Amino acid sequence: MEPGEAASSPAAGEKAGGEEEEDDFGYRLFPDRNKKPESFLVRSLFTFHNKCQLMLRMTLDTNPYAQLLLEAMKQSGCTVFNDRHFSCENCDGCVSGGFDSATSQIVLCQNNIRHQSHMNRVVTHELIHAFDHCRAHVDWFRNVKHLACSEIRAANLSGDCTLMNEVARFKFGLKGHHQTCVRDRAIRSILAVRKVSKETAEKAVDEVFDACFNDLEPFGRIPHSKTDAKRAYKDFQNRDRYNANL
């Protein structure tokens, strides 16, 4: 999750006994999740919803980060369909998106995503969670290390911590700044959707950081720009063509 920009993972599911019953798993940030769906006519009357749908379509059609992830998920047996797996909704003011693992659906906060570059980043961030959900048995609810790992990967690979984005946040650093950004954003994301202490979130992130930071699938590299993402997408396509000929 990316608090303040994109909350990644209401990580939905049935609540178990004990501690899980006291944790809403971040659903408080996504109030429309529990509402009866409105008709298309009603939703189409709202400018936010129309704009969200148009920006989503632009991202899926043109953004190399998203295109690579969509192709990788398809090859993993988890084809993503626009109408089924994305939902534009109103959310809490502090988040821009989330991945609901109970429905395998990405929530896009239509009231908080205001420009195309933001939509690109949110969709990419959430697709990384969806990709992790597809390829691995992620225990989003009971294992905070699993959540931490996916948050690290999403912050690392989605463009959340590019130099331009960090400058826009008035954050500057030299050696190791990218790693610091990834760590900080992963911790913030956990705290936004889980009722755990900061110490617990920090411990979970630190314990899995090296392994998850270096897990670059499906990009094969850290895409620091759209150009990097285009190269990664091309390499991914070529890799698959090579494997198909083996």
Side-chain angles (χ1 to χ4, degrees), residues 1-37 69 72-73 76-78 80 84-87 89-92 94-109 122-158 160 182-213 215 217:
M1 164 182 333
E2 205 180 330
E5 293 183 6
S8 45
S9 107
E14 294 183 3
K15 298 181 181 180
E19 181 180 350
E20 283 77 19
E21 290 183 344
E22 300 175 359
D23 195 335
D24 65 5
F25 298 107
Y27 277 108
R28 67 193 178 281
L29 304 175
F30 305 88
D32 283 2
R33 291 275 83 190
N34 296 319
K35 292 181 180 179
K36 182 179 179 181
L69 286 160
M73 290 188 67
S76 297
C78 300
V80 176
R84 163 66 181 84
H85 293 107
F86 293 94
S87 179
E89 302 176 8
N90 290 318
C91 308
D92 183 276
C94 72
V95 297
S96 299
F99 174 64
D100 187 341
S101 63
T103 60
S104 296
Q105 193 169 52
I106 289 172
V107 182
L108 301 171
C109 299
V122 173
V123 170
T124 301
H125 187 111
E126 303 310 332
L127 278 174
I128 292 170
H129 290 302
F131 176 76
D132 287 347
H133 185 69
C134 173
R135 70 170 181 155
H137 298 291
V138 182
D139 187 346
W140 298 103
F141 313 106
R142 297 174 179 83
N143 194 325
V144 69
K145 290 183 182 179
H146 286 194
L147 175 61
C149 188
S150 193
E151 293 297 354
I152 290 166
R153 281 175 33 77
N156 188 29
L157 301 173
S158 67
D160 291 346
V182 169
R183 179 182 181 274
D184 290 347
R185 296 183 75 75
I187 291 169
R188 290 177 60 201
S189 293
I190 294 170
L191 292 175
V193 294
R194 291 293 179 274
K195 293 179 180 178
V196 298
S197 67
K198 184 176 181 181
E199 290 74 18
T200 297
E202 289 176 338
K203 181 180 179 182
V205 168
D206 289 340
E207 287 182 352
V208 301
F209 189 86
D210 288 343
C212 299
F213 183 84
D215 179 359
E217 286 298 315

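Computed from a prediction, not measured in an experiment: that's the story for all the values here.
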| field | Shortest non-hydrogen contact between V208 and A148, atoms and distance | value | CG2-CB, 4.1 Å

| field | Short side-chain donor-acceptor distance under 3.5 Å, H129 and W140 | value | no

| note | Closest heavy-atom pair, E217 versus R135, reported as atoms and distance to 0.1 Å, is CB-NH1, 3.6 Å

| request: Would you indicate whether the side-chain heavy atoms of I128 and F99 approach each other to under 4.5 Å? | output: no

| said: For a quick test of reading the model, state the closest non-hydrogen atom pair linking L191 to A201 and the distance between them. | reply: CD2-CB, 3.9 Å

| task | Quick one: pull up CG in L127 and CG in D132 and give me the separation to the nearest 0.5 Å. | result | 11.0 Å

| note | Taking every heavy atom of E126 against every heavy atom of G98, the minimum-distance pair comes out as OE1-C, 3.4 Å

| Say you draw a straight line from CD1 of I106 to OG of S87; how long is it, rounded to the nearest 0.5 Å? | 11.0 Å

| Smallest separation among heavy atoms of A155 and H125, with atom names | N-CE1, 4.3 Å

| query | Can you tell me how far the SG atom of C149 sits from the CG atom of N143, to the nearest 0.5 Å? | reply | 10.0 Å

| task | Flag the pair S150 / V138 as yes when at least one side-chain heavy-atom distance between them is below 4.5 Å, and no otherwise. | result | no

| remark: Output for pair (L69 CG, S76 OG), nearest 0.5 Å, gives 10.5 Å

| Heavy-atom closest contact (I190 atom, V196 atom, distance) | CG2-CG2, 4.0 Å

| request: Would you indicate whether the side-chain heavy atoms of N156 and F209 approach each other to under 4.5 Å? | output: no

| Can you check whether R183 reaches F213 side chain to side chain, under 4.5 Å on heavy atoms? | no

| said: Between the side chains of D139 and K145, is the shortest nitrogen-to-carboxylate-oxygen separation below 4.0 Å, so that they form an ion pair? | reply: no

| query | How long is the gap from NE2 on H85 to OG1 on T103, to the nearest 0.5 Å? | reply | 8.5 Å

| field | Basic-acidic side-chain contact under 4.0 Å: R188, D160 | value | no

| V182 side chain near R185 side chain, heavy-atom distance below 4.5 Å | no

| said: Strictly distance-based, threshold 3.5 Å: is any side-chain N or O of Q105 a donor or acceptor partner for the main-chain N or O of R84? | reply: yes

| query | To the nearest 0.5 Å, what is the distance between CG (L157) and SG (C212)? | reply | 11.0 Å

| message | Within the structure provided, determine whether V193 and L147 are in side-chain contact (heavy-atom separation under 4.5 Å). | response | yes

